[in-house]
Amino acid sequence: MQLDFSGRVAIVTGASRGIGKAIALALAGSGAAVVALARGDQAQATADDISAAGGRAIGRSVDVGDGAAVDALVKEAVATFGKVDILVNNAGITRDQLLLRMKRDDWDAVLHTNLTGAFVCSQAAIKVMVRQRYGRIVNISSVVGQTGNAGQANYAASKAGLIGFTKSLAREVASRNITANVVAPGFIDTDMTRAVPEAVQKAWLEGIPVGRLGAPDDIADAVCFLASEKASYITGHVLAVNGGMYC
């Protein structure tokens, strides 16, 4: 299925590597102008890759939980490209620890980036989308937000909260031709998962019916579908992309 995002403008958070970079490249490869966001200066490399391939992109540094900074970047996106059609809230961090040992800072940091960041970015983008009477918001949750996982109470809470947030948002903005959906990845082959001990990776594979980790492009394909006109009648939905490990 060929998707065409010509004339569309997308903001992708956490776009410096892994899933976020794959999403940014996929949207750009189908014609979208992309605003790639990440901490530090890491998003610029993604923007440079898009530009080198003939696409349009800018890369910017931002703390997605900083409302003033995000508002400024959304205004810059509109000034540069004319509008904002698509928002992909992908930025996320982990600070794993058993609950009895988890520090409050570790709880707060994960919720700030993973959940508050999605709230801040969505609120800023919706101001533009409502005026346009068009928008596509795709939030990246996790299978852990559906099943829970020992040592990840903070991460699981943030990702489960993202599902409830999206379902509520979908009801609020549907009349303005704005959809809000979730992609919930399973275990994906990224730098983060490669750092996990081999024995743990083997245990993961045993629990995945298709017998492999997902690829970042598997998630990017799902995001592109939900951001496209092919999914105009889908909103408030959680699309699991996990190889069958949780249905």
Side-chain angles (χ1 to χ4, degrees), residues 2-16 20-38 43-44 46-91 117-140 165-166 169-183 220-236:
Q2 184 64 39
L3 300 177
D4 184 6
F5 291 104
S6 299
R8 297 299 186 194
V9 179
I11 296 176
V12 182
T13 73
S16 62
K21 184 168 186 174
I23 292 168
L25 294 176
L27 288 167
S30 294
V34 174
V35 179
L37 303 181
Q44 188 58 49
T46 299
D48 290 344
D49 287 346
I50 292 171
S51 297
R56 297 183 298 155
I58 57 174
R60 295 292 185 266
S61 171
V62 70
D63 171 358
V64 291
D66 183 337
V70 170
D71 281 342
L73 281 169
V74 169
K75 289 177 181 177
E76 182 183 1
V78 173
T80 303
F81 297 121
K83 55 182 179 172
V84 173
D85 300 300
I86 300 162
L87 170 66
V88 182
N89 285 308
N90 170 71
F119 157 73
V120 168
C121 292
S122 296
Q123 190 174 61
I126 281 171
K127 294 174 185 176
V128 179
M129 293 175 176
V130 165
R131 291 196 297 269
Q132 297 171 172
R133 299 191 69 84
Y134 182 90
R136 300 286 182 264
I137 298 173
V138 184
N139 295 323
I140 308 302
F165 167 77
T166 307
L169 177 59
R171 290 179 176 272
E172 291 185 14
V173 298
S175 66
R176 300 302 182 97
N177 196 28
I178 302 169
T179 64
N181 291 289
V182 173
V183 173
D221 288 344
V223 170
C224 286
F225 168 68
L226 290 174
S228 76
E229 292 306 300
K230 301 291 186 182
S232 63
Y233 200 59
I234 300 172
T235 195

Test item: Ser228 side-chain N/O and Phe225 main-chain N/O as donor-acceptor pair under 3.5 Å: yes
Distance-minimising heavy-atom pair for Arg136 and Ser232: NH2-CB, 3.6 Å
Minimum-distance pair of heavy atoms, taken over all atoms of Asn181 and Gly236: OD1-N, 3.2 Å
Side chain to side chain contact (heavy atoms under 4.5 Å, CB included) between Val120 and Val64, worked out: CA-CA 7 Å; Val120 168; Val64 291; over 6 Å; no
Taking every non-hydrogen atom, the tightest pair across Ser122 and Ala118: OG-O, 2.7 Å
Note, Leu87 side chain near Met129 side chain (heavy atom, < 4.5 Å): yes
Other residues, nucleotides, ligands: >12 heavy atoms within 6.0 Å of Tyr134 OH: yes
Rounded distance (nearest 0.5 Å) linking atom OG1 of Thr13 with atom CG of Asp63: 11.0 Å
Spacing of Asp4 atom CG and Glu229 atom CD [to the nearest 0.5 Å]: 10.0 Å
Those residues that, when tested against Asn177, pass side-chain hydrogen bond (donor to acceptor under 3.5 Å, both in side chains) (two or more places apart): none
Euclidean distance, Ile11 CD1 relative to Glu76 CD, rounded to 0.5 Å: 10.0 Å
Beyond-backbone contact of Lys75 with Lys127, side-chain heavy atoms, under 4.5 angstrom: no
Sole candidate of Asn89, Asn139, Thr235 that passes side chain to side chain donor-acceptor pair (under 3.5 Å) when paired with Thr166: Asn139
Nearest heavy-atom neighbours spanning Ala77 and Val35: CB-CG2, 3.8 Å
What side-chain donor-acceptor pairs closer than 3.5 Å can you find for residues 20-31, not counting sequence neighbours?
from: Lys21; atom 1: NZ; to: Asp49; atom 2: OD2; distance (Å): 2.8
from: Ser30; atom 1: OG; to: Ala26; atom 2: O; distance (Å): 3.4

Residue pair Ile234 / Thr179, side-chain heavy-atom distance below 4.5 Å: no
Derivation and outcome, side chain to side chain contact (heavy atoms under 4.5 Å, CB included), residues Asp85 and Phe5: CA-CA 10 Å; Asp85 300 300; Phe5 291 104; over 6 Å; no
Spacing of CG belonging to Leu73 relative to CG belonging to Leu37, to within rounding of 0.5 Å: 5.5 Å
Nearest non-hydrogen partners of Val74 and Ala125, listed with the distance: CG2-N, 4.4 Å
Check: Ala15 main-chain N/O paired with Thr46 side-chain donor or acceptor under 3.5 Å: yes
Distance-minimising heavy-atom pair for Phe165 and Phe119: CZ-CA, 3.8 Å
Straight-line distance of Ile137 CD1 to Leu226 CG, nearest 0.5 Å: 12.5 Å
Flag, side chain of Lys83 to backbone of Gly7, donor-acceptor distance under 3.5 Å: yes
Test item: Ile86 and Val138 side chains (from C-beta on) under 4.5 Å apart, heavy atoms: no
